[in-house]
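First up is the structure itself, then whatever we jot down about it.
Treat the numbers as computed from the prediction; the structure is a model and nothing was measured.
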Amino acid sequence: EALGPTITVGEILVEIMATSIGNGFLTPQPLIGPFASGAPAIFISQVARCGGAAGIVAAVGDDDFGRLNVERLAGDGVDVSAIAVIPDKPTGSAFVRYRADGARDFVFNIAHSAAGETAMTDKAQALIARAGHVHVMGSAFAIPGVGRILIDAIGSVKARGGSVSFDPNLRKELVRGAEGRRLVDDMLAVCDLLLPSGEELFVASGQETEEAAVAALLEGGVGEVVLKRGAAGSTHFSHAHGRIDAAGLVVEEIDPTGAGDCFGAAYLTCRRLGMTPAQALAYGNAAGARNVTRQGPMEGVGSLAELDQLMSASAATA
Ligand code: ATP
Ligand code: MG
């Protein structure tokens with residue numbers, strides 16, 4: 001990691017969860033939270049817990065929801081110097097309830113929260129100037145100021161020989177608009193590592209089979225495509241290493257939110273630490289699996305030692 005920390009840009013939120021399964025929030029009901037959350041925050045927490053240097057450009061309010069998040073990330077070892085505190089906006093929030101079929105209902109407060117005010121600052125510029133890798137979280141493009149910051153960060157990091165990863169994490173309705181499509185294409189043109197799940201592979205590539213999609217992306221210059229397959233695990237594709245499949249760990253899924261973010265962070269960090277794709281896949285799978293065993297979007301983030309432990313425990317029961 002001679003090139004400097006992995007950084008990301010985007011929403012920091014608290015998540016407040018319904019404790020019962022059902023449809024939405026139309027009646028009073030028990031809730032649990034606040035939990036630290038936001039896809040970029042989950043990701044960067046897992047980078048730091050894996051032993052990678054890590055920082056985030058974001059914005060929170062001057063309230064306990066903001067402090068909870070900043071203290072959590074700082075405790076994980078994340079550089080929080082570029083998290084702005086917006087005095088007159090509340091920290092972002094998401095209320096979430098799972099339905100019986102696993103779908104989720106949300107009430108979001110992001111666009112009009114402090115997170116919606118994320119903008120370039122002197123502190124952000126200073127962090128970007130030190131960074132060696134930029135991770136782009138598709139969900140962050142919902143904030144108007146974030147695209148600009150990411151473009152600056154990518155330019156700066158690439159000019160120093162650094163690298164870029166991209167988790168599309170976008171609703172396909174969004175990508176199908178012309179602007180969303182252009183965003184995805186711009187990111188594909190610069191990304192060294194693409195981390196899609198499910199439909200995202202097809203949406204990103206415009207192809208209809210896994211094989212055609214991967215071939216098109218690698219041909220287009222993406223260095224590695226790593227496909228997340230939920231409980232089934234993950235697959236790495238690259239010209240250098242070919243195809244590598246890694247089965248998922250067998251765990252009890254309590255709360256799937258955040259698995260993809262933890263997976264991507266562990267995979268990327270292990271690669272940046274010099275591990276092979278196969279080793280990085282194993283840690284990515286373990287990070288995703290560990291996170292789904294805990295209630296709360298980033299309560300299951302684990303260190304490499306904790307991920308090792310989960311892998312040996314799971315191998316022993318298999
Ligand atoms: P997210 O909902 O966070 O966007 P995602 O769709 O991006 O998730 P998933 O494929 O759901 O990503 O999960 C990422 C990784 O986490 C998987 O590749 C797998 O390694 C691990 N994982 C997820 N769910 C489970 C599970 N139920 N059991 C074991 N491992 C899991
Ligand atoms: Mg995802």
Side-chain angles (χ1 to χ4, degrees), residues 1 3-13 38-44 47 52-60 78-84 86 92 110-111 113-172 174-196 200 203-206 217 220-225 261 264-265 268 272:
E1 293 204 325
L3 276 169
T6 294
I7 66 165
T8 192
V9 182
E11 71 279 9
I12 287 180
L13 316 171
I42 300 166
F43 174 88
I44 210 66
V47 170
I56 184 168
V57 177
V60 297
V78 175
D79 180 335
V80 296
S81 63
I83 302 178
I86 309 293
I110 302 176
S113 77
E117 304 291 306
T118 306
M120 189 60 95
T121 61
D122 292 347
K123 301 277 183 57
Q125 216 121 40
L127 177 64
I128 289 167
R130 292 195 296 278
H133 182 94
V134 181
H135 178 72
V136 178
M137 196 56 93
S139 61
F141 286 113
I143 301 171
V146 163
R148 232 350 212 309
I149 303 171
L150 281 167
I151 288 163
D152 277 13
I154 291 166
S156 164
V157 162
K158 284 261 169 179
R160 289 191 297 280
S163 48
V164 174
S165 50
F166 178 36
D167 181 338
N169 216 9
L170 279 167
R171 295 208 182 80
K172 63 173 185 284
L174 216 88
V175 182
R176 287 193 174 138
E179 211 173 308
R181 183 69 251 176
R182 193 163 346 108
L183 257 173
V184 170
D185 288 338
D186 288 351
M187 292 305 126
L188 292 177
V190 295
C191 87
D192 302 284
L193 167 62
L194 180 69
L195 292 154
E200 291 163 0
V203 176
S205 62
L217 290 164
V222 175
E224 300 182 25
V225 177
D261 310 325
L268 170 75
R272 290 202 75 208

Self-check item: Validation row: Ile56, Phe43 side chains within 4.5 angstrom (heavy atoms)
Solution: no
Quiz item: For the residue pair Ile86 and Ala59, what are the closest heavy atoms and their distance?
Solution: CG1-CB, 3.9 Å
Exercise. Mind checking the NE2-CG spacing from His133 to Leu3? Nearest 0.5 Å is all I need.
Key: 11.5 Å
Quiz item: So do Val225 and Pro196 actually touch side chain to side chain, heavy atoms under 4.5 Å?
Solution: yes
Self-check item: Distance, nearest 0.5 Å, that separates CD1 of Ile7 from CD1 of Ile128
Solution: 5.0 Å
Self-check item: Counterpart residues, side-chain contact (heavy atoms from CB on, under 4.5 Å), relative to Asp152 (two or more places apart)
Solution: Met120
Quiz prompt | Leu194 side, atom CG; Leu188 side, atom CG - distance, nearest 0.5 Å | solution = 6.0 Å
Quiz item: Looking only at heavy atoms, which two atoms of Val78 and Gly55 are closest? And how far apart?
Solution: CG1-CA, 4.0 Å
Quiz prompt | Any pair counted as ring pair (Phe, Tyr, Trp, His ring centres under 6.0 Å), so long as it reaches residues 145-168, sequence neighbours left out | solution = none
Exercise. Work out which heavy atom in Val57 is nearest to a heavy atom in Ala124; give both atom names and the distance.
Key: CG1-CB, 3.8 Å
Quiz item: salt bridge (charged side-chain N to carboxylate O under 4.0 Å, His left out): which pairs involve residues 129-147, sequence neighbours left out?
Solution: Asp79-Arg130
Quiz item: Can you tell me how far the OG1 atom of Thr118 sits from the CD1 atom of Ile12, to the nearest 0.5 Å?
Solution: 8.0 Å
Self-check item: CG on Leu127 to CD1 on Ile83, rounded to 0.5 Å
Solution: 10.0 Å
Exercise. Go through the structure and list residues passing salt bridge (Lys or Arg N to Asp or Glu O under 4.0 Å) with Lys123, not counting sequence neighbours.
Key: none
Quiz item: What are the two closest non-hydrogen atoms of Ala131 and Arg160, and how far apart are they?
Solution: O-NH2, 2.7 Å
Quiz prompt | Separation of Leu268 CG from Leu193 CG (nearest 0.5 Å) | solution = 6.0 Å
Exercise. Could you pull out the closest heavy-atom pair between Gly10 and Ala58, with the gap in Å?
Key: O-CB, 3.3 Å
Quiz item: Who pairs with Asp186 by side-chain contact (heavy atoms from CB on, under 4.5 Å), at least two apart in sequence or on another chain?
Solution: Arg182
Exercise. For Ala39 and Asn169, work out which heavy atoms get closest and say how close.
Key: CB-ND2, 3.8 Å
Please list, one pair per line, the donor and acceptor atoms closer than 3.5 Å that link side chains of residues 134-150 to other protein atoms, with sequence neighbours excluded.
residue : atom : partner : partner atom : Å
His135  : ND1  : Ser165  : OG           : 2.8
Ser139  : OG   : Glu11   : OE2          : 2.8

